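Structure first, commentary second.
Please read all numbers here as calculations on a predicted model, not as lab measurements. Residue numbers run from 1 in the order of the sequence given.
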Amino acid sequence: MRQRGAPVVTYDYQKAFASAVSAVRAEGRYRVFADIERQRGRFPRAIYHGGDKPKEITVWCSNDYLGMGQHECVIAAIKNAADRVGAGAGGTRNIAGTTHYHVLLERELAGLHKKEAALLFTSGYVANEATLATLSKILPDSVILSDELNHASMIEGIRGGRGAKLVWRHNDVAHLESLLKEIPPGRPKVIAFESVYSMDGDISPIGAICDLAEKYGAFTYLDEVHAVGLYGAEGGGVAQRDGVETRIDLIEGTLGKAFGVMGGYIAASAAVIDAVRSYASGFIFTTALSPVLVAGALRSVKILRTSNNLRERHQERAATLKARLAAEGLPVMPSVSHIVPVRVGDPVQCKAVSDYLLDRRSIYVQPINYPTVPKGTERLRLTPTPLHTDNDMDELVDALNEAWDALRIGRGAAPAVLAKAEAALP
Ligand SMILES: *Cc1c(COP(=O)(O)O)cnc(C)c1O
C-alpha cells in the first residue's frame, strides 16, 4: 500500500511521444500532410486547404495512376451500389459480410491473373502482411527469400510469420541463386518480390526469378501493386506483360492505386486461397470492405481489362516527361516504368523544393525522404497520368528549373539516362 502523502512518480507519456517526434524533426524528415480536396472530373486539379486560403493546385504525385478514381463509370457503379445495398458490409467475411459484390470481384480478379481463385483484403498492406505471415505458418520450417527493397508490408508479414528469412540483394538473381543453393531441396522456400519498385521505378526480372524457382522448387510470391491495371494486355501486371503470369504461384495487388478505389487482394490456386482464407488473422477478424467500394473496384477492373487506351497514353506521358526533364539537365533517375523520380539527395532540400513548388507554383509533389528511401537519395517522385497535358508538363518543367536554381540544388542527368529516356519515347 502506498503511504498517504508520498510523492507519486509516474511516467511522462506525453513527453516520450513528443521527444520521439523531435528526433524525426531534427533529421528534417518530419511529415506534413497536404490537406487537399480532389475535384471530381478535374483530376489532376485539386483544391489545397493548407495555405491562407484555399487555392487550386495540380497534383503530380498521386497513385491514382490512370485517374480511375474519377472515372464516370466507376463513380456510377459506386452510386448504384450505395442505392441498392447501402453503405457498409455489416460484418466480417465469415459473419454476414460476404456480399455478392465481393464474390463477383474475387471471380474477376482470379480471371484477370489467370488463377483459380482470389481473396480480397481491406488494403494491399493487409494483404501482404496477412498472407506472408500465414504462408510461413502453414509451410513448416520454411524459408522466405525476400528482395532487400521489398515494401514495408511484406517485411512486416514475414516478421509476423516468425519463420526463417534470407534477404537477397535487390533484383540480383545470382545472389538469389547462391542463397537457394544452400537450402536443402525438401525444405519449403518462398521467393517474395515486387514487379515495379515504386520509389526507383525499376522492374524485376520476373522470368529469370521463375527459372530459379522452378530449378530449386521454390514458391513465388509477387507484389504487383504498382503494376496492376497498368501493364499487360488486360492490366494483369508485369508478369502478364512478360508472359510469365502462370509461372507465378501468388500475385498480390491493390485496388487503391491504378484501379482508383480501395482494397487489396491475392490471386493464386484454389488450395492457397482456401488456406489463407482459413488461417489469416488479418483476413478473418476484420469487417469486410464496403460493398460500395467493391462495386467501384469491380467496374474499374472490368474497364481496364478491355481497353488499352489509358495504359498506352500513360506510358507515353511518362516517357515524354522523363525525356523533357533529362533535356533540362534535371537529375531524373533511370526508371524503366511509369514512375519518374528526380533526385534531390538531402531531406531538408527535398522538403524545401516541394514547399517552393506548392507555395509559388501551385504544384503538388510530396517530398520522399528516409525511411521510405535510403538517406542521401531523397527525391521527388513524379507520377504523370493520362490526364496531365503538355501544358501541365510545361508548367512543371519550368517550375522545377526555377526551384532548382532558387535553392541551388545539383543538376546533371547522366547522359546514359538521357539517351535511355529518349529511346523509350514512342
Ligand atoms: C502501396 C503499396 C502496398 C500497399 O497497398 P495499399 O492498398 O495502399 O495498402 C503494397 N505493396 C507496395 C509495393 C506498395 O507500394
Side-chain angles (χ1 to χ4, degrees), residues 63 65 109-110 112-115 118-136 144-161 165-173 176 189-210 212-213 218-232 235-242 244-259 262-268 272-273 276 280 282-283 301 335-339 372-373 381:
N63 281 337
Y65 291 126
L109 291 167
L112 170 66
H113 293 294
K114 314 288 177 279
K115 301 290 176 210
L119 193 67
L120 288 170
F121 293 81
T122 46
S123 74
Y125 188 103
V126 173
N128 271 333
E129 191 185 40
T131 305
L132 281 162
T134 303
L135 290 185
S136 281
I144 299 192
L145 297 107
S146 176
D147 184 288
E148 69 177 333
L149 291 190
N150 276 344
H151 190 257
S153 55
M154 297 170 83
I155 296 168
E156 286 301 321
I158 294 166
R159 187 177 295 153
K165 164 184 167 179
L166 294 171
V167 175
W168 45 293
R169 283 193 294 271
H170 179 55
N171 279 349
D172 185 340
V173 285
L176 173 61
K189 306 169 246 321
V190 176
I191 302 174
F193 64 114
E194 301 179 22
S195 56
V196 176
Y197 285 84
S198 74
M199 292 300 148
D200 290 319
D202 57 332
I203 292 181
S204 60
I206 303 176
I209 291 166
C210 290
L212 288 181
F219 182 98
T220 43
Y221 184 109
L222 177 60
D223 174 319
E224 290 252 40
V225 160
H226 290 277
V228 292
L230 303 176
Y231 295 86
V238 180
Q240 182 171 88
R241 180 196 74 179
D242 293 355
V244 294
E245 65 192 328
T246 55
R247 297 174 69 194
I248 294 286
D249 293 299
L250 186 153
I251 290 176
E252 182 270 345
T254 184
L255 303 166
K257 292 173 183 170
F259 292 126
M262 189 187 182
Y265 65 90
I266 57 172
V272 168
I273 295 300
V276 174
F283 172 81
V301 173
S335 153
V336 293
S337 68
H338 58 283
I339 290 156
T372 309
V373 295
R381 174 184 178 273

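- Inter-residue side-chain proximity for Phe283 and Ile266 is flagged as unmet; no heavy-atom pair is nearer than 4.5 Å.
- Shown here are the side chain to side chain donor-acceptor pair (under 3.5 Å) partners of Glu224, two or more places apart in sequence or in another chain: Ser195.
- If you take CZ on Arg169 and CG on Asp147, they are separated by 11.5 Å, rounding to the nearest 0.5 Å.
- In this structure the side chain of Phe259 reaches within 4.5 angstrom of the side chain of Val301, judged on heavy atoms.
- Shown here are the ring pair (Phe, Tyr, Trp, His ring centres under 6.0 Å) partners of Tyr197, two or more places apart in sequence or in another chain: His170.
- Residues satisfying the salt bridge (charged side-chain N to carboxylate O under 4.0 Å, His left out) test with Asp200, not counting sequence neighbours, are Arg379.
- Legend: residues meeting side chain to side chain contact (heavy atoms under 4.5 Å, CB included) with Ala133, ordered by chain and number and at least two apart, are absent.
- Evaluation of the side chain to side chain donor-acceptor pair (under 3.5 Å) rule for Ser153 yields Asn128, His151 as partners, not counting sequence neighbours.
- Counted within 6.0 Å of CE on Met199, heavy atoms from surrounding residues, nucleotides or ligands total more than 12; the atom is thus considered enclosed.
- The shortest side-chain heavy-atom distance between Trp168 and Ile209 falls under the 4.5 Å cut-off.
- Annotation: salt bridge (charged side-chain N to carboxylate O under 4.0 Å, His left out) contacts of Arg241 (sequence neighbours excluded): none.
- Side-chain contact between Asn150 and Asp223 is absent, with no heavy atoms from C-beta onward closer than 4.5 Å.
- In this structure Glu148 satisfies the salt bridge (charged side-chain N to carboxylate O under 4.0 Å, His left out) test with no other residue, sequence neighbours excluded.
- Legend: residues meeting side chain to side chain donor-acceptor pair (under 3.5 Å) with Ser337, ordered by chain and number and at least two apart, are Ser335.
- Under the 4.5 Å side-chain criterion, counting only non-hydrogen atoms from C-beta, Phe193 is in contact with Ile248.
- Rounding to the nearest 0.5 Å places CD1 of Ile206 at 11.0 Å from CD of Glu194.
- Sequence neighbours left out, the pairs with a member in residues 247-259 that pass salt bridge (charged side-chain N to carboxylate O under 4.0 Å, His left out) are Asp211-Arg247, Glu214-Arg247.
- Under the rule for a side chain to side chain contact (heavy atoms under 4.5 Å, CB included), the partners of Ala218 that lie at least two apart in sequence or sit in another chain are Leu180, Lys189, Ile191, Ala213.
- At a threshold of 4.5 Å between non-hydrogen side-chain atoms, the residues Ser198 and Arg381 count as touching.
- In this structure, Val272 and Thr131 have side chains that are not in contact, with every pair of non-hydrogen atoms separated by 4.5 Å or more.
- Side-chain atoms of Tyr65 and Ile339, non-hydrogen and from C-beta on, do get closer than 4.5 Å to each other.
- The stretch residues 150-161 participates, sequence neighbours left out, in these salt bridge (charged side-chain N to carboxylate O under 4.0 Å, His left out) pairs: Glu156-Arg159.
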Item to check | Audit row: His226, Asn63, side chain to side chain contact (heavy atoms under 4.5 Å, CB included) steps and yes/no | outcome: CA-CA 8 Å; His226 290 277; Asn63 281 337; 4.1 Å; yes
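- Listed by chain and number, the residues in a side chain to side chain donor-acceptor pair (under 3.5 Å) with Tyr231 are Gln315, His338 (sequence neighbours excluded).
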